[in-house]
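Scroll down for the structure; my scribbles are underneath it.
Starting from 1, each residue takes its place in the sequence as its number.
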Amino acid sequence: KESIKKMSETKQGEKHPLVKLTELQVKEIRHLYSTGNYTQKQLSEKYNFSYSNIKNIIKNRTWKHVII
């Protein structure tokens, strides 16, 4: 059985053992932000996800493999 540490080093996106969002949600977050109708704070509340994680998704620091 693989350890979580080893799995987290090799898996990305939905395959990561500790993932909390789906690729579809990441696309939705990026799209909604790009419309200008939502702030990062509003998206954080909508998806019940931390502001810093939403910011990293929008700035393509995380979930880089997901393209809208």
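- Here Tyr47 pairs with Gln25, Glu28, Ile29, Leu32, Leu43, Phe49 under the side-chain contact (heavy atoms from CB on, under 4.5 Å) rule; sequence neighbours left out.
- Here the closest non-hydrogen pair linking Arg30 and Thr62 is NH2-O, 2.9 Å.
- Every residue meeting the side-chain contact (heavy atoms from CB on, under 4.5 Å) condition with Ser50, not counting sequence neighbours, appears here in chain and number order: Ser52, Asn53.
- To the nearest 0.5 angstrom, Tyr51 atom OH is 11.5 Å from Gln42 atom CD.
- The side-chain contact (heavy atoms from CB on, under 4.5 Å) test applied to Lys59 returns Lys55, Arg61, not counting sequence neighbours.
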inquiry  = Does Trp63 form a side chain to side chain contact (heavy atoms under 4.5 Å, CB included) with Leu21? I'd like the steps, not just the answer.
reply    = CA-CA 10 Å; Trp63 292 86; Leu21 292 174; 4.2 Å; yes

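- Heavy atoms only, all atoms of each residue included: Tyr38 and Tyr33 are closest at O-CD1, 3.5 Å.
- Within the model, atoms CD of Gln40 and CG of Asn56 stand 9.0 Å from one another, a figure rounded to the nearest 0.5 Å.
- Counting heavy atoms from C-beta on, the side chains of Lys27 and Ile67 never come closer than 4.5 Å.
- Between atom CG of residue Asn37 and atom NE2 of residue His31 there is a gap of 8.5 Å, rounded to the nearest 0.5 Å.
- Evaluation of the side-chain contact (heavy atoms from CB on, under 4.5 Å) rule for Glu45 yields Lys41 as partners, not counting sequence neighbours.
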